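What you see is a predicted model; the values in this text were computed from it and never measured. Computed over heavy atoms, backbone and side chain alike; hydrogens, waters and symmetry mates excluded.
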Amino acid sequence: MEFDLNDEQRAFQRAARTFSQGELAPHAARWDADAYFCRATIAKAGEMGFCGLYTPQRWGGLGLSRLDAAIVFEELAAGCTSTTAYLTIHNMATWMVARWGGEALCEQWVPLLASGARLASYCLTEAQAGSDAAALQTRAVRAGDVYVIDGAKAFISGASRTDLLVVMARTGAAGPGGISAFAVAADTPGISYGQPERKMGWNSQPTCAIHFDAVRVAVHHRLGHEGQGFALAMKGLDGGRINIAACSIGTAQAALDRSRSYLKERVQFGRELAQFQALQFKLADMLTELVAARQLVRLAAWKLDMESPDASAYCAMAKRFATDAGFNVANDALQLHGGYGYMREYPLERHVRDTRVHQILEGSNEIMRLIIARAILRDGATETLT
């Protein structure tokens, strides 16, 4: 594994940083305050290729590796965590359609999704099936050349403002083997949306429930084979966990950079705050945690790119560690700013609010621990996980 970025990766990093600083950071506070989902800016991100980072070039994506994508998402998140987090979800859903959709479905949807002209949501979670996703109750019953979907999804990012829904629904018996995946146009008759959730963070993207009442979906809109949906959803989440971990790192880096500047500017007791050893130690710990998290995320992304059999465990480790570290760094940065950190004039309180949910979604960090524990307890696991 090469630790230094190559020239191409550095070029992507610079492009993402420029976009982040020019198109995201100047507006992030207003989008948060107004709960504004800026599709125009997302369309600009699509023009840069950021809506189809690892979607195959055949369908209009950039066809990058997961490692390359993590580098891009980290830079974008430094500008606006919430908007970037939605972009990661859109990328995941777009990749799933491109990877497991039929030819006609891909021709119809993937180029539009990869360009940002159309947007997607990932619909797995239900009110009574959160961490126990395999217990979902939304049902799809086949009737000739269509499936009829009934049920509801909860906490769906982008819902009511997106154009395509990647929906996991039960087509068979209880358990993961009875679940299939579908690409469903968001304006299909029978689909309705709940009120936008009022959230602690992630306010620049809408989140709401989706209800399906006798929604008819053509058979060719199924992704993969019948009964394969849960496995596809988990494959999507492996990448999603890397993506959201990268968002935590990017946000934490922005918080650390601002703290470094603040400690050199702020004077107390006749000295710059940066001259106090206790605060120097705090910065040192924050940077160490951040660098460790970044390297673990990039290792997990590399494992996923190599299709390593232990990639899922590494994705879980990276997600658990990086989202915890990212939140802690953002929270420490707020503390270093004292009362100013608590004010909305500074971005620190927004960084804390936005990174907090990363420890919950894409599988809570408690579920990540279960995945890791099961991996290490498998026979022969020691050789692959260390």
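Taking 4.5 Å as the limit, every side-chain heavy atom of Ile242 sits out of range of all side-chain heavy atoms of Tyr314. Ile244 is listed as a side-chain neighbour of Thr88, based on a closest heavy-atom distance under 4.5 Å. You'll find the side chain of Phe327 reaches within 4.5 Å of the side chain of Val352, heavy atoms only. In this structure the side chain of Leu5 reaches within 4.5 angstrom of the side chain of Ile71, judged on heavy atoms. Between Leu164 and Leu112 the shortest side-chain heavy-atom distance does not fall below 4.5 Å. Side chains of Glu74 and Arg298 form a contact here, defined as non-hydrogen atoms less than 4.5 Å apart. Met92 is listed as a side-chain neighbour of Leu237, based on a closest heavy-atom distance under 4.5 Å. The shortest side-chain heavy-atom distance between Lys303 and Met317 does not fall under the 4.5 Å cut-off.
The same ILVMFWY cluster, assembled from side-chain heavy atoms under 4.5 Å apart, contains both Met96 and Phe230.
A donor atom on one side chain and an acceptor atom on the other are not found under 3.5 Å apart for Thr55 and Thr94.
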Given the rule in the salt bridge (charged side-chain N to carboxylate O under 4.0 Å, His left out) test, do Asp32 and Arg353 qualify, once you have shown the distances and angles that lead to the verdict? CA-CA 10 Å; Asp32 174 71; Arg353 289 188 289 107; 2.8 Å; yes
Assess whether side chain to side chain contact (heavy atoms under 4.5 Å, CB included) is satisfied between Thr138 and Met168, documenting all intermediate values. CA-CA 8 Å; Thr138 296; Met168 273 53 73; over 6 Å; no
Take Val184 and Tyr147, measure what side chain to side chain contact (heavy atoms under 4.5 Å, CB included) needs, and give me the verdict at the end. CA-CA 11 Å; Val184 184; Tyr147 284 90; over 6 Å; no
Go through the steps to decide whether Glu289 and Phe321 satisfy the test side chain to side chain contact (heavy atoms under 4.5 Å, CB included), and finish with yes or no. CA-CA 9 Å; Glu289 292 291 307; Phe321 187 80; 3.8 Å; yes
Can you check side chain to side chain contact (heavy atoms under 4.5 Å, CB included) on Val357 and Met200, steps first, answer last? CA-CA 9 Å; Val357 74; Met200 174 180 174; over 6 Å; no
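At distances below 3.5 Å, at least one donor-acceptor pair connects side-chain atoms of Lys153 with backbone N or O atoms of Leu124. The backbone N or O of Gly175 sits less than 3.5 Å from a side-chain atom of Arg170, completing a donor-acceptor pair.
Atom CZ of Arg139 is separated from atom CD1 of Ile149 by 12.0 Å, given to the nearest 0.5 angstrom.
Comment: Arg369 engages Asp324 in a salt bridge, judged by a side-chain N to carboxylate O separation of less than 4.0 angstrom. A salt bridge links Glu103 with Arg58: at least one charged nitrogen is closer than 4.0 Å to a carboxylate oxygen.
Between Tyr36 and Trp31, the ring-plane angle classifies as tilted under the 30° and 60° cut-offs.
The residue from Tyr122, Phe73, Phe50, Phe37 that alone fulfils the ring pair (Phe, Tyr, Trp, His ring centres under 6.0 Å) condition with Tyr86 is Phe37.
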